[in-house]
Amino acid sequence: MSPREKYWLGVWNEKHAFEPDPIPGKKKVFVTVPYPYMNGPVHVGTAFTALRVEFYARFRRMQGYNVLFPWAWHWTGKTIVGMSQRLKKGDQSVRRGFVEADGVPESEVEKFVDPEYLAAYYTKVSRQVMKDTGLSIDWRREFRTIDPAYRRFVEWQYLRLRELGYVVQGTHPVVWCPADKSPTGDADRMEGEGVSPQEFSLIKFHLGEWALVAATLRPETIYGATNLWVNPEGEYSEARVDGELWIVSSSALSRLAEQKHEVTPVRSFRGSELLARYAMAPLTGRSLPILPGRFVDAAVGTGVVYSVPAHAPYDLMTLRDIQEGRIEAGRQVREIAGKLEPVPIITVAGYSKIPAADALSKHGAKDSLDDSLEAATAEVYADEFHRGVMTAASGPLGGLAVADAKAKAAELLAKTGRLTTMLELPERVVCRCGTRCHVKVLENQWFLNYSDPKWKEKARKVVERAAVHPEEARAWFNSTIDWLNDWPCARKSGMGTKLPWDQEWIVETLSDSTIYMAFYTLSKFVNQEKVAPESLSPSFLDYVLLGKGNPASLAKAAKTTEKRLRELRMEFTYWYPVDLRNSAKELIPNHLTFFAFHHAALFPEKEWPKGFGINGMIQVEGKKMSKSKGNFVTWRSALERHGADGFRLALALTADGMDDADWRERAAEDARSKVEAVVPFVSKALRSAGKREPDSLDAWLYSTVHRRIAAVTEAMEQMKVRRAAAAAFLDMWNDVRYYARRSEHPRLQTLQDVFGAWARLMAPFAPFMGEDLNKELGGKGLLCQADWPSLKDFPIDEEAELAEVVVAKVLEDARSLLRVVKGPRAKLNVYVCSEAVRTYFFELASAKQKGEGVGQVVKRFAGIKAPPDRVFKLIFELGDETMLKLVSNKQFDEYAALSGASRYISSELGVKVEVHRAGASGLYDPGNRAKDALPAKPAFFLE
RNA sequence: GCGGGGGUCGCCCAGCCUGGUCAACGGCGCGAGGCUUAGGACCUCGUCCCUUAGGGGUUCGUGGGUUCGAAUCCCACCCCCCGCACCA
């Protein structure tokens, strides 16, 4: 950190510049960012989101609002615990992540086996880097989501939600890790991302008094079944399942038990015992032989499948392997297999009668262990499902589309009583801990019933009444509200708050973070030890947050004073509602919408959030940032490379709206050098300036600054941070640069005024440099506490603006002329059009604007001989508005403007310049050009 | 598949709602010049093609349409990004 940065941080801190308390009667703004999850250090993405709010907070503060920008840390959930455990087990990839991506010293990593230590470490480094960046946060209100007081708060929230009927109990299937004893979401998986439970049909084939139970996703193929497959090496069991006698793989028994089937094992044996026996298929009544299939996974389904060689590449290939002796098999098995023929039951355009055979030759499968069988299977299945039609060989299914036949087959099988269903993962799923997962039906889970139409209606109202920046995000909110289903809000492992009425369950991370912004109004008192965590009882919080109950008796029960209790209530009502909550767009479908739902449920309308800010995600050098890709950029490392202002400005200038922000080192370096150039630029400009009366150019600069202030203000109000920063920093710079170049004698007072405004406009983005600049300009007090520049100090001056438009236009035209002309170029004569031509223009332009015919006007001014198409072309070139202003503004004197600028134009072009007025007596016009002069388009003669 | 957002002159990006001021803002890169002992920084000009009087031509994912006029409005298509849930 540079000494200057350190100095200003010290000053802000000393003056408590960002520690707001309620000031009755003073308008307030309460802004928040979702707290970051502390399984790693904050990174440039966190910074991008946080800084948008930081800029906004500083902007509003300068506008005279009492602004609260608090911060906290998210520790809830099982990710932190999971990482700790993996480290403990010696997982090298976690360790590398800590050391290489996060930059944690080896000596610290050792201690990360304690999850709380891990989270505390990251909290510490993250807090420090945020402070070093100069974020205007009120750190007095900081907390972690496992703090005792926070837990009391969440307990209150869930008790109230339950009373209101928004928390309900239900049963739901999940992907389950038997080792962790917890659901395994996508993020927790080593293998099988995106895989979710599917319903398999279990079809019972009679084998004496037993039922050999085969699992399938394609019950409609039962009419094409030729045999059954079991894995000869696999372990199978006879068991009593739901009162029936079943034969399935042993592993299936435990999975069936997880799905609420009643299972009593009888005996177990090897799959080979079943070979060459016959089982009877339902519906067809066919007796099918049991054959060895090593591709059958005993850990999936029931470990038994039936074979449909005409339509399943695996089945056909395995059958051929046995028939052709590629697989060792007993004589009896070979004999049986030798007699089997595929039974086609589906026709698909583009395939022969046996689609599986086509797929095998297309993919060049050699044997039943060939990897290409996966692809062949997927292809045949998809084509048959979408385009296939059942043939007459499939009995009652004949003529149906495959998609319809599936349902019909299930219905027919169900009637025979020989169908059950089971949820199964269609692909292997492995938990991060290395354990293979299966489906478990969880009972008595707690849900937030977001599917409740009345609740949805209320949530919709929250969004409808709030400002959404950018407006495009609103549609996404609305479709999320429609789509959202019941959400399991508690789980059994990880850090967090227990459900007060059911201590086995811990409120899950997304569900304990929905109304916590309210807690910032309390946490100040807890941190100052003015309120003890134990005293935050439900009725106590009812009073503070909802105004319910009698403060006198509540205070007594909480061992505090009534005054203190009323103070807490006042703090809450002062700051609430949240004025702006800003986050990256990925949180719209969950967190931000939950935030709307919970406020709708718990608080009266006046406490509902007033604004949402949405930004894109962060990319690094055009690519998605991730630890595994090795392009992870921590906030700390970027800050150290580019300095606080450079870092802030680089992120401010990267993207607006929901566009993804691209972090580029080059851009950040550039931002830094630009920031550092401001103060020297300003002092140099001031040194070259002097005392004099303001002229048209000064009026132009004031006028232009007026427009810049308006633009920055408007952009900030709409959270268009990039636009605001670009105008405040880059456009302003260009304006001053133009002034400095254009003016022969820069006026000191003008520059002081403009630089004063400039410092203020840049203050939210580059506050350190801003304070330096303010000091340089002799400003009193702190810039961060100064007033936002006032439009009144920078009056609009239309004539001055028109003069510069005309000067710029003449320069542009003259340059393009000089580029082309190869003749003499000693002197440029400029002929400004006559008053008559101006009037002609004015009448034409206004006639055109009113949509009237222009014939009359043209006729009346026939003497001017300017063809109307040339006139209209010029109007289009300048635009209706500018043109009208130009020709209708009686104050504006084009001749005066241009002759005043003739020395500037001359030095820019490197050619002598003389300005004439067309129609003047004794006009010097050897080239006879003056007649061609039009408004803002004077005629030229080069000699 | 469903939902959301996008495709602009080497790169990033503004403009699109409210059609003409659009060959199209700004930044980066690149070229030339200035400043400097030199480099960096800074400043100026240039950077789609053609052009000996300020002009012309072809551009805003693709193809149509509306209009005197379309980057902007309408329709169809192609492509890219994000989200899709027991998880931060």
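Predicted, not measured: the structure shown is a model, and the values here were computed from it. Chain naming here is simple, since letters A, B, ... match the order of the sequence lines and numbering starts at 1 in each.
- Rounding to the nearest 0.5 angstrom, the gap separating the CG atom in Asp662(A) from the CD atom in Glu621(A) is 6.5 Å.
- Using modelled atom types, one finds no donor on one side chain facing an acceptor on the other under 3.5 Å when comparing Thr145(A) with Tyr35(A).
- At the phosphate of rG15(B), OP1 or OP2 sits under 4.0 Å from a side-chain N or O atom of Arg723(A).
- A salt bridge links Glu804(A) and Arg742(A); the closest N-O separation between the charged side-chain nitrogens and carboxylate oxygens is under 4.0 Å.
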Give me, pair by pair, the N or O atoms of the protein and of nucleotides 2-7 of chain B that are less than 3.5 Å apart, along with how far apart they are.
residue : atom : partner   : partner atom : Å
rG3(B)  : O2'  : Ser479(A) : OG           : 2.8
rG6(B)  : OP1  : Glu472(A) : OE2          : 3.2

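- Between Pro938(A) and Glu908(A), the residue anchored nearer the 5' end of RNA chain B, judged by the nucleotide with its closest heavy atom, is Glu908(A).
- Side chains of Glu744(A) and Tyr904(A): no donor on one and acceptor on the other come within 3.5 Å.
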Test log, rule ring pair (Phe, Tyr, Trp, His ring centres under 6.0 Å), inputs Phe612(A) and Phe595(A): CA-CA 11 Å; Phe612(A) 294 87; Phe595(A) 163 69; 5.7 Å; yes
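- Note: Phe597(A) and Trp455(A) have perpendicular aromatic rings, judged against thresholds of 30 and 60 degrees for the angle between ring planes.
- Distances from the side chain of Arg737(A) to the nucleotides rA85(B), rU52(B), rC43(B) place rC43(B) closest.
- Figure legend. rC17(B) is base-paired to no nucleotide; pairs are counted as Watson-Crick or G-U wobble with both atom distances under 3.5 Å.
- Among the nucleotides rC82(B), rA85(B), rG55(B), the one closest to the side chain of Lys937(A) is rG55(B).
- Under the Watson-Crick and G-U wobble criteria, each requiring two contacts below 3.5 Å, nucleotide rA76(B) is paired to rU62(B).
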Between the protein and nucleotides 24-26 of chain B, list every N/O to N/O distance that falls short of 3.5 Å.
none

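- Note on Lys720(A): every side-chain N or O is 4.0 Å or more away from OP1 and OP2 of rC13(B).
- The pair Glu908(A)-Arg815(A) meets the salt-bridge criterion, with a side-chain N (NZ, NE, NH1 or NH2) lying under 4.0 Å from an Asp/Glu carboxylate O.
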Dump the intermediate steps for ring pair (Phe, Tyr, Trp, His ring centres under 6.0 Å) on Trp733(A) and Phe681(A), then the final yes or no. CA-CA 10 Å; Trp733(A) 199 327; Phe681(A) 170 79; 5.5 Å; yes
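- Nucleotide rG26(B) forms a pair with rC12(B), judged by Watson-Crick or G-U wobble geometry with both contacts under 3.5 Å.
- rA70(B): no Watson-Crick or G-U partner with both key distances under 3.5 Å is found in any strand.
- Remark: Glu801(A) engages Arg707(A) in a salt bridge, criterion side-chain N to carboxylate O under 4.0 Å.
- One C1' atom belongs to rC45(B), the other to rG7(B), and the distance between them is 32 Å to the nearest Å.
- For the contact set between residues 666-678 of chain A and RNA chain B, defined by any heavy atom under 4.0 Å, the members are Arg666(A), Asp670(A), Lys674(A).
- Between Val810(A) and Pro938(A) there is a side-chain heavy-atom pair separated by less than 4.5 Å.
- The gap from the P atom of rA76(B) to that of rC25(B) amounts to 32 Å, rounded to the nearest Å.
- One side chain, Asp512(A) or Thr76(A), offers a donor N or O that lies under 3.5 Å from an acceptor on the other.
- Pairing for rG83(B) is with rC2(B), a Watson-Crick or G-U wobble pair whose two hydrogen-bonding atom distances lie under 3.5 Å.
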